[in-house]
Amino acid sequence: MPLFSVVLEKKTKISNTLNLRHVKDLSIDAVFKNFEHPSKIEVIILDSLDLIEVPKSITRFTNLKHLSLACNPKLNLDQTIEQINALPIEFLNLQKNQITELPSNLPSLRSLTDINLAYNQLIKEINYQILGQVENLNEVWLDHNDLYELPQSIRELSQISRLYIGHNQLEILPKELVNMTRLKVLHAEYNNIKLFPEVFLETPSLLLVHLNNNRITKVPTSFAEHKTSVKGLILDNNPISEEERTWIEKEFSNFFLLSIQNNK
Amino acid sequence: MKNCISITIYISVLFSTVFFCRAQKIAHNEGLLLTTSITLGNQNDWLKVGVFAFGAVNYKGIAAEGGISVGLKQLFKRHTINTRGISKSYEVFGMLGGGQNDDLLGASVSTQHHTIFRTPLQNKSFAGIGFGFEQEFLPHTLNKYALKRGKFLLRFANNNTNVHLAFLNDFKAGKLFYGEGTDYGETGTLIIGVTQKRNDTEAFQVGYGITLFTPPPNYSLSPRNPINSDNGRKNVWYLAPDTPAIFYANSYAYGSYQSNQYSLHSKLGKNSAKMGANIQNKLHDGFGLNPRFPWDTTKKDRLYYEFAASLFYNTVTYE
């Protein structure tokens, strides 16, 4: 066995993680093939390796649940999904890969529950249709995606409960959110939202909303007048007047989490 | 204002029960405890004076009881931080149950006082459930941690022996469990204890406690802290810059002895970041609402200890 693999093997004895991040000039295939107890590994990190393909030998890791492939912009995603679709992958990290279109075979990852797609450019409608077909998907990161608007096909993500769309250029949130019937947590911080989204009134399961660092000046009275599922609200660093802040704190005093601080 | 309303509700329930029972000529017993104590430990050092009032009534086997306490502390160390200043605290709780509770053993559910009331030995039993809240106003940079916590209480007693459970948290749930709703500070505490009166003046307590403390998150930063993130899979808060970054998770056993006019109390256990992360991660991942906190799980477990000695004056009245 190569020396490097021996060191790795020793390191991974105390954890279930095989971390090859930033390890240049390395034959991933050789490491995978020579790894003595692949079934013990649940996490593999292959970030920043300039990968083009994931070797077939990854299938030796039969208990792999977490695969990180961040910062590999030349990666062939179709081929990657094909290699790993028989593995029990729950979390796939594809951030910072300059992805504009998701591979159509993504839904073949039956165990996938969480996918990190931050720092890409997933603007096209088709991406959300594909994500909507990933049966067990629960959590999706779409922050830093240069989104000026959320496509209508966001409605296809009716299975997910946590959506992270912070650090985009969003000015409004679409009414299609009401179709996301299981959505419990929404992070939409650091956008350009000016009007508090009244769509939250009709998003049936939404519990916690992060809207800090937007341009919101007030929360509409309808939000206080109607019964809503929302019970937690983060509104820090919005241009909310002292008077409005007092009103919000009074009206939503029963929230389990309410924060309207200004730290700018 | 909300505090005042909640306190008023608790006191009204307690006293209306007392007056109702007076009208029915039903037994009621009250006690007042004045204490002065010193606490020394590796997380807390203080001198304290306190007042604790407790009352119990019962009518045809239906029993209610409640307590109010206030305390004034000269702090030297609080929540691991060396500090000089005065803290003020209060606690309010009420319980409803079945049985006879005129032995005032219900005072043992207090989380602010370790001393119970001296009453004659009586062969009584009680089972009840209750709620309450408490708050400590802290000085200087610790003032952000002056958070109200709700408490849920269970108590079973028989023949001078009492078993109780107290669960404290800062979350809000309806009108009965009324925490601050911040998800930081001394957020969660669980105490399970056994109290036994040996004779008219002596009592023992033993128990187990677990408590978690986390600093406030920085809501201005997106929760992408790599610490405790399971290799980037979980969202983790960064911390607010203007507040001491206090993390502790204490798991401890405690024991108390009290005699005619003094009581001794000690806690011994471990402070484990690994345990704190395990517990809180499970809660945060399980409910899936809020991101995790950046517990440093590489930190070694440390000893946690605390010793307290109190002098007290106790007066009780019987119907």
Side-chain angles (χ1 to χ4, degrees), chain A residues 15-19 21 42-45 47 65-68 70 90-93 95 113-116 118 138-139 141 143-144 161-162 164 166-167 184-185 187-190 207-208 210-213 231-237 249-250 252-264, chain B residues 1-6 144 147-150 169-185 187-188 214 216-224 226 229-243 274 283-293 297-298:
Chain A
S15 75
N16 58 358
T17 303
L18 175 57
N19 188 351
R21 180 186 297 159
E42 293 184 0
V43 180
I44 293 182
I45 298 171
D47 297 352
K65 290 177 180 163
H66 172 149
L67 178 61
S68 188
E90 293 173 1
F91 174 64
L92 187 58
N93 184 4
Q95 65 173 308
T113 57
D114 310 338
I115 187 164
N116 191 333
N138 187 42
E139 199 163 359
W141 283 260
D143 51 282
H144 299 90
S161 67
R162 278 164 265 171
Y164 309 113
H167 295 272
K184 285 184 181 160
V185 179
H187 286 224
E189 73 278 14
Y190 286 94
L207 267 170
L208 177 61
H210 290 239
L211 285 169
N212 55 288
N213 298 83
K231 292 286 176 277
L233 190 56
I234 308 295
L235 282 169
D236 292 30
N237 301 326
E249 283 176 343
K250 182 173 167 249
F252 307 110
S253 62
N254 61 334
F255 277 22
F256 75 89
L257 188 58
L258 179 67
S259 182
I260 324 172
Q261 294 181 38
N262 201 336
N263 305 316
K264 273 182 179 172
Chain B
M1 185 62 189
K2 275 177 229 149
N3 269 355
C4 294
I5 293 167
S6 305
K144 195 152 187 180
L147 305 168
K148 186 170 53 178
R149 299 200 298 162
N169 201 292
D170 91 320
F171 68 66
K172 275 182 194 171
K175 295 288 176 196
L176 286 173
F177 205 99
Y178 211 75
E180 200 84 30
T182 62
D183 203 20
Y184 68 82
T187 53
T214 49
N218 187 345
Y219 291 124
S220 303
L221 296 176
S222 297
R224 305 289 185 266
S229 71
D230 288 355
N231 293 300
R233 179 168 179 177
K234 300 295 178 186
N235 284 341
V236 182
W237 288 121
Y238 287 97
L239 300 178
D242 54 348
T243 311
K274 221 170 275 175
L283 292 171
H284 283 220
D285 296 351
F287 292 111
L289 292 178
N290 224 3
R292 291 178 174 186
F293 281 80
T297 53
T298 60

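Per chain, numbering begins at 1; letters A, B, ... match sequence-line order. Since the structure is predicted, the reported quantities are computational estimates derived from the model, not experimental observations.
- Of all heavy-atom pairs spanning A:F91 and B:G232, the tightest one is CZ-O, 3.9 Å.
- The line from CD of A:Q95 to CZ of B:R224 is 8.5 Å long, rounded to the nearest 0.5 Å.
- Separation of atoms CG (A:L207) and CG (B:N290) is listed at 11.5 Å; rounding is to 0.5 Å.
- The CG atom of B:N169 lies 12.0 Å from the CZ atom of A:F256; values are rounded to the nearest 0.5 Å.
- The most heavy-atom pairs under 4.5 Å with chain B, out of A:H66, A:E189, A:R21, come from A:H66.
- Interface residue A:F255: only backbone heavy atoms are found under 4.5 Å from chain B.
- Interatomic distance, A:N237 CG to B:S220 OG, rounded to the nearest 0.5 Å: 3.5 Å.
- Counting heavy atoms from C-beta on, the side chains of B:P223 and A:H210 never come closer than 4.5 Å.
- Among A:N138, A:L208, A:L257, the residue with the largest count of heavy-atom pairs under 4.5 Å with chain B is A:L257.
- Between A:W141 and B:R233 the shortest heavy-atom distance is CH2-O, 3.2 Å.
- Between B:Y219 and A:N212, the shortest heavy-atom contact is O-ND2, 2.7 Å.
- Neither the backbone nor the side chain of B:P216 comes within less than 4.5 Å of any heavy atom of chain A.
- Of the atoms belonging to B:D170, not a single heavy atom falls under 4.5 Å from chain A.
- For a residue to count as touching a neighbouring chain, one of its non-hydrogen atoms must lie under 4.5 Å from one of that chain's; by this rule A:S68 does not touch chain B.
- The part of A:N254 that comes within reach of chain B is its backbone (N, CA, C, O), which places non-hydrogen atoms under 4.5 angstrom from that chain.
- Applying the side chain to side chain donor-acceptor pair (under 3.5 Å) test to B:N231 and every residue at least two apart in sequence or in another chain returns nothing.
- With a 4.5 Å cut-off on non-hydrogen atoms, A:E90 touches chain B through its backbone and its side chain both.
- The closest side-chain heavy-atom distance from A:Y164 to B:N235 is below 4.5 Å.
- Across every non-hydrogen atom of B:K234 and A:D114, the tightest pair is NZ-OD2, 4.4 Å.
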